[in-house]
Amino acid sequence: MKSHVLTIILVCGCVWQVGAVDVVSGAEPEAAVRSLNDLTGPWQLFVDDHLIDETRNVERTFHPFRKHPDNPVLTRTEPWERAVYIYGTVLPTEDGDGYRMWYQTLGTELRTVLYATSPDGLAWDKPELGLREWEGSTANNMIFQRPHGNEIVSIIHTPWDPDPEKRYKILNHDEQGFWAAYSPDGIHITDAPNNPVFTQGGDVAQFLWDFHRGHYVGYVKNIAHVAEQRRRVVGHIASHDVEQWPDPHLVLVPDVVDDRWAAPGTVERTHFYGMSAFNYESMMLAFLWIFRSDDVEGYFDGPVHTELVASRDGIRWTRQDGDRVPMIDVGPPGSWDAGQLYTATQPLVVGDEVWVYYGACPTGHGSERWVGLDNMDCAIGLATIRKDGFASIDAGREVGYLTTKPLEGLTGELFLNYRCGPGGYIRVELLDRDGYPIPGYRAFECDVIREDSTEEIVSWAARSELPRRDEPIRIRFMMRNASLYSFRTSGDVVVAPPGEVPPPFVTPPLAALYTFEADGGRQATDVLTAVGVNAVRWNGFFRVDTDPDNAAFGRRSLAMNRPFSQLSTLEIENTDDLGRHFTLAAMVRSENNAHARLFSSHSGCGPVHSDALVFDFDPRGRAVNGLRAICKGMSVESEPVTFDDGEYHHLAMTYDDGIIAFYLDGRPVGTGNVTGGPPIRMARNLRVGQDAIFCSNVQFRGHLDDILVFGEALSAAEIAQLANEGAEKFFAQNRP
């Protein structure tokens, strides 16, 4: 691998709210000295679609780390060490001549944080620190002297702190929660006076300073019911003060893809045991610990491996494409890391490589129940990958194209991190906001890029300086038999805002409304036709009722009043992708005041998994509080409300990137949250009145009117107008 530019090596966490982050006020870093934790920089990675506008004949590939041939690089060698692993941190020394590791030993009688140093990251020394007594001697490498746990340590280098005794912040788990401490060197510590500083969560959390947003962040193991099963999940907390933390906000839960391995008919399930998150270049990445619990209770035993997740704000996380290849997988049976593994708080950037240390055991999580803590032969290994090599955009024999969104900050020179195979090449073309090539920077003028480099300058007829323009620029990469990992320029690259502000009322691509005013029998016409017609499929005994007395607005409604039906639904086509923002609403008059589905893409059998959505209601408030949504496998309910008077009521829910709001007759009746980020994409279309298959008695009986599926989260005022004036009048006034 060649590099044309010398690289300077600097190495540098019930239902919770996902919206605004609660931050405790405090000082921001101002010092010029760079933190040893800081891995930020100008490089733009292709691990997600944030920068991408269009692709053709390319695909994204995620690349597993390579385990070092000398693994394990640190094993238990001292009598006070038992199960040695890396619920901890690895950083370079302050002088840059080596590395330091804070790691754990987990035993029946002793749990503590230990310290090791290395000149090369491979051969590790365990110095005698003289800090903690063990069996009458302080000749050991133990750091903490606390009541109990002393484990799961995050070391944060904060050189901007004016107090030299607080240049390092340390958070780790002990009795009743997480404790904070300060240190001048990462070894000699002073505990915070109000420990524990954080108690809301499980016994696993990792902490960091978020260099992009300027506050401390923790990712905390919590418990939630997902797809009706109790699971470990990931919560987020943020603060400017390591001694004060808010309650966690849910950010990551397992989905149906995570459970693809579980045997049908069992309670086997996937948990998220923890997450090592870190700022990397222009974004945030994390190693997510995937725990596949395969015991009879689906909770205690099983293997643990790591996958990659990515975020642009630290709250909304994007999962890997496809089958989610492990970034670091457990080893083959009988190997030292065959059972479970966990990553350090962050990786290191070493030359043209990314290094990550991981602690592993030959047996799975829960094995301590039958082998005992002292017999778990755990150790610490090293895994590596090329710089920015987490994922690449790949083209094969046919020429592929990737075009970015309009970008601001493209100044100076353009550098690529790439690899070309035999006969492979990359050309780069610059486009204006509208997609027209910029003269002098067209594809045929680009000097062909070949071979393999982590930092190659792009030039056009030997000219490498990017054009100076007031308008944003798009980049089009043309590739053949090549892989593109990242790019950078001299400026801070960001996606440009829209060139024109759209009108305040625009019909989104997903828009379907059924008022039945022009319908009869088994016909339902989509009234919102500006972006196409959403047809419906009839199942069972729904029919259009032409009696004006049974309509909420106008003269007609939809009736389902047979005393019993095997399965009666109205399927709305092209509603299997609801996106990140939508509204579901209808006028409802229940005939029997029973718990019933309003909208559902659930099969009807078993738990509601993450590939389905349910919006149901109970007029009496018995089965659910009144209104409920099951979304991304999680259940959210309204405030307790009742509406069992036999009259029409307007029921609505909005989804705004994880934030769910409920409305009854135009009045807000509660909010709740599930994980944001990935859009709501389902295995089947939405049905009205029942699930897709008859497995439980949640059939709606009564009359419906103004059935709405809308690809926008309407405001509270708009929902009130819908409820009071009817959908036809609302859209005639607001969505011409």
Side-chain angles (χ1 to χ4, degrees), residues 1 3 5-12 29 31-41 65-75 77-78 84 86 88-104 113-131 139-143 153-161 164-170 181-189 208-209 211 276 278-281 343-359 379-388 454-455:
M1 182 184 302
S3 178
V5 178
L6 177 64
T7 301
I8 299 175
I9 305 168
L10 288 172
V11 182
C12 354
V33 179
R34 185 162 181 167
S35 168
L36 298 169
N37 301 92
D38 191 354
L39 294 173
T40 60
F65 278 69
R66 300 177 299 274
K67 296 180 179 180
H68 198 278
D70 293 338
N71 278 345
V73 297
L74 189 147
T75 61
T77 58
E78 308 302 326
V84 172
I86 188 74
T89 302
V90 181
L91 294 176
T93 57
E94 292 188 22
D95 59 13
D97 287 340
Y99 304 94
R100 297 180 292 171
M101 178 186 294
W102 292 260
Y103 67 104
Q104 274 74 41
V113 173
L114 306 176
Y115 181 74
T117 62
S118 173
D120 58 4
L122 298 176
W124 290 89
D125 178 61
K126 302 171 183 178
E128 296 180 357
L129 300 178
L131 297 177
N140 58 63
N141 64 332
M142 301 178 192
I143 291 182
V153 65
S154 297
I155 306 294
I156 306 173
H157 181 223
T158 56
W160 55 81
D161 196 306
E165 297 297 312
K166 295 183 177 181
R167 295 293 166 86
Y168 288 83
K169 309 299 188 296
I170 302 172
Y182 304 101
S183 174
D185 55 9
I187 301 173
H188 301 85
I189 72 168
L208 67 145
W209 175 266
F211 295 95
S276 303
F278 52 95
N279 294 124
Y280 185 88
E281 296 295 344
T343 49
T345 55
Q346 67 177 75
L348 307 174
V349 175
V350 182
D352 284 346
E353 291 186 327
V354 176
W355 290 14
V356 61
Y357 290 88
Y358 67 98
I380 297 172
L382 170 65
T384 67
I385 202 170
R386 72 178 285 150
K387 186 180 181 300
D388 303 353
T454 58
E455 196 161 15

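Just so you know, residue 1 is the first one in the sequence shown, and it goes up from there. What you see is a predicted model; the values in this text were computed from it and never measured.
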Mind checking whether [X] and [Y] have side chains closer than 4.5 Å, heavy atoms only?
X: Glu78; Y: Val84; answer: no
X: Tyr115; Y: Met101; answer: no
X: Lys166; Y: Thr158; answer: no
X: Val113; Y: Gln104; answer: yes
X: Leu91; Y: Gln346; answer: yes
X: Asp388; Y: Thr454; answer: no

Any idea which heavy atoms bring [X] and [Y] closest together, and the distance?
X: Tyr99; Y: Gly121; result: CD1-N, 3.5 Å
X: Arg167; Y: Pro184; result: CB-O, 4.2 Å
X: Asn279; Y: Leu39; result: O-CB, 3.3 Å
X: Pro127; Y: Ala116; result: CD-CA, 4.1 Å

Open item on the list: side chain to side chain contact (heavy atoms under 4.5 Å, CB included) for Thr93 and Thr117? Distances and angles first, verdict last.
Closed with: CA-CA 9 Å; Thr93 57; Thr117 62; over 6 Å; no
Atom [atom1] of [X] and atom [atom2] of [Y]: how far apart are they, to the nearest 0.5 Å?
X: Trp209; Y: Asn37; atom1: CH2; atom2: CG; answer: 11.5 Å
X: Leu114; Y: Ile86; atom1: CG; atom2: CD1; answer: 10.0 Å
X: Ile189; Y: Glu165; atom1: CD1; atom2: CD; answer: 12.5 Å
X: His68; Y: Leu122; atom1: NE2; atom2: CG; answer: 4.5 Å
X: Asn141; Y: Glu128; atom1: CG; atom2: CD; answer: 9.0 Å
X: Ile187; Y: Ile155; atom1: CD1; atom2: CD1; answer: 9.5 Å

Open item on the list: Quick check on side chain to side chain contact (heavy atoms under 4.5 Å, CB included): which of Ile385, Val356, Val90 does Pro347 satisfy it with?
Closed with: Val356
If the condition is ring-ring contact (aromatic ring centres under 6.0 Å, His included), which residues does [X] pass it with, not counting sequence neighbours?
X: Tyr168; answer: His157
X: Tyr103; answer: none
X: Trp124; answer: Tyr357

Looking only at atom types and distance, does a side-chain atom of [X] sit under 3.5 Å from a main-chain N or O of [Y], one as donor and one as acceptor?
X: Ser118; Y: Ala123; value: yes
X: Ser276; Y: Ala344; value: yes
X: Asp185; Y: His188; value: yes
X: Asn71; Y: Leu382; value: yes

- [ ] Taking side chain to side chain contact (heavy atoms under 4.5 Å, CB included) as the test, write out the residues that go with Glu353, two or more places apart.
- [x] Arg66, Trp355, Thr384
Task: Contacts of Thr345 that satisfy side chain to side chain contact (heavy atoms under 4.5 Å, CB included) - sequence neighbours left out - done: Thr89, Ser154, Gln206
Task: Listed partners of Lys126 passing side chain to side chain donor-acceptor pair (under 3.5 Å), at least two apart - done: Thr77, Glu81
- [ ] Please test Glu94 against Val33 for side chain to side chain contact (heavy atoms under 4.5 Å, CB included), starting from the C-alpha separation and ending with a verdict.
- [x] CA-CA 11 Å; Glu94 292 188 22; Val33 179; over 6 Å; no
